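Below is one structure, written out as C-alpha cells, with a few remarks after it.
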Amino acid sequence: MRPFRYERPADAAAAVSLLRTNDGARAIAGGTNLVDLMKLGVAAPDVVVDVSRLPLDSVDRLGSGGVRIGTNVRNSDLAAHAHIRGSYPVLARALLSAASPQLRNLATTGGNLLQRTRCVYFQDVTTPCNKREPGTGCSAIGGYTRYHAVFGHSSDCIATHPSDMAVALAALDATVIVLGPDGERRIPVTRFHRLPEKRPELDTVLERDELVVAVELPPPVPGAVSTYRKVRDRASFAFAIVSVAAQLSVDDDGVVTDARIACGGVAHKPWRAGRAEEQIIGRVATVASFAGAADAELAAATPVEGTEFKVPLLRRTIIAVLRDLAAEAAGDRAVGTREEGPR
Ligand code: SF4
C-alpha cells in the first residue's frame, strides 16, 4: 500500500476544504470498500479524509413527511430503524440483502452509494480496465461477464453498480444531498450515478471536492406496498446477478395507480424501469399486465456475450415481485392470472 496522509476534519466544511485543496484526497467513513481497493492497488489516495466521526449519523423525520438520513448512518442501523422498516420496507430489505452483518455494521449510507464496481478486472491491476486506468481497454468484453450489464453499457465499459441500497433509493425517488465549496446541492438519486459512455472512470456526478452529507426520502405513499428481491449465487454475502426494487399502489378496483420499479445488477447505475412503470399504471393488476411491463422494459436490453441469461431472469423477477406486491396490496382479493405467470 502506498503511504498516505491521514486527516480527521472537525466538520463537513473542513472535509470539503481538504478535498478541494488536495487533488489526490479521498473521503473515508466505514472503509469497507476503499480500504480493500487501497490494498489491491486500485486506489492510491495521497490524503485520506476521515469523515466517520462527523455528526452526520442521524435519521430525522422532516416536516414534509419525508426522512433525512445522515451520510454516516450505518447500513445495519438504517435497516433496523423502526420508521424505515415500517414505511420504506423496500429500503430495509435491500440493506439487509447486502454483504454480511459485520460489513453492514461498518458500511455507511454515503459509502454505500459511492462503492465501486466489483468487476473482477477492475480489481485486478494486472489487466486492462478503462475504469481503473482510462484508455487501456476493457478486459470484460469477451471475458468473464456474469456480473455485467444488459442496459446502458458502452464499448468502453460494461460494468454494473454493486449497491442494493441504491436500487431501493432509485425506486423511492430519493435525493442525494452533497456539500461543496459553494454550499449544498440536491441530486435525484436516479441522476447521481451515471452510465459509462466514454468516461467509465466516473461512477457518479459527484465533483472531486464534494461530500455526500445525507440522503432524503420523500414522504411514504399512503397505501403503497414495496419490496426488494435479489437473485444471487448464494444466500448471503453475494452481489446481485439481478435485483428488483418496487413500490406499488393499487386501488379498490384492482387498478395500479402508481408504480416505481428499479433494477440492480444490470447497469452501471440503478436502472429505473420507466417503460415497465408506464405499462402498468392505470391498468388492472394482473400477471399478464406485469409480463407485458417486463417485456416493454427488456426490449431495451442489449446483453453482451455471457449476460444473455439475465434477460429472462430479470423478466421473471420483475413479474414475481409485482405479482407478490399486488397480492399484498389486494389482501384477500385475488390477483388476475389470465395469461402466463412467472416461470
Ligand atoms: Fe474495467 Fe468496466 Fe471493463 Fe470492468 S467492464 S474491465 S470495470 S472497463
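For clarity, every value in this text was computed on a predicted model and none was experimentally measured. Values below: all heavy atoms of this structure, side chains included; hydrogens, waters and symmetry mates excluded.
- Pairs engaging residues 212-231 under the salt bridge (Lys or Arg N to Asp or Glu O under 4.0 Å) rule: R68-E216, D164-K230, R186-E216, R229-D324 [sequence neighbours left out].
- For residues 118-137, the set of pairs meeting the salt bridge (Lys or Arg N to Asp or Glu O under 4.0 Å) definition, not counting sequence neighbours, comprises K131-D203.
- Inter-residue side-chain proximity for T127 and V120 is flagged as unmet; no heavy-atom pair is nearer than 4.5 Å.
- The hydrophobic clustering, which links ILVMFWY residues whose side-chain heavy atoms are closer than 4.5 Å, places F122 and F239 apart.
- Residues passing the salt bridge (charged side-chain N to carboxylate O under 4.0 Å, His left out) test with R8, sequence neighbours excluded: none.
- Counting Ile, Leu, Val, Met, Phe, Trp and Tyr side chains that sit under 4.5 Å apart, directly or through other members, F237 shares a hydrophobic cluster with L103.
- Counting heavy atoms from C-beta outward, F151 and L298 have side chains that approach closer than 4.5 Å.
- Contact detail for H193 and P270: the closest heavy-atom pair is ND1-CD, 3.7 Å.
- For Y88, the ring pair (Phe, Tyr, Trp, His ring centres under 6.0 Å) partners at least two apart in sequence or on another chain are H83.
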Show me the side-chain donor-acceptor pairs of residues 16-23 shorter than 3.5 Å, one per line, residues at least two apart or across chains.
{"unit_1": "T21", "atom_1": "OG1", "unit_2": "S17", "atom_2": "O", "d": "2.8"}
{"unit_1": "N22", "atom_1": "ND2", "unit_2": "L18", "atom_2": "O", "d": "2.9"}
{"unit_1": "D23", "atom_1": "OD1", "unit_2": "R208", "atom_2": "NH2", "d": "3.4"}

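- For the pair L314/C263, a side-chain contact is recorded, criterion being any heavy-atom separation below 4.5 Å from C-beta on.
- Judged by distance alone, the side chains of N105 and S76 do bring a donor and an acceptor atom under 3.5 Å apart.
- Connection of V49 to L114 is not established within any shared hydrophobic cluster, with ILVMFWY side chains joined at heavy-atom distances below 4.5 Å, either directly or through further cluster members.
- Within the 4.5 Å cutoff, the side chain of R146 has heavy atoms near those of the D233 side chain.
- In terms of heavy-atom proximity, A259 sits nearest to I280 at CB-CD1, 3.6 Å.
- There is a side-chain donor-acceptor pair under 3.5 Å between D50 and S52.
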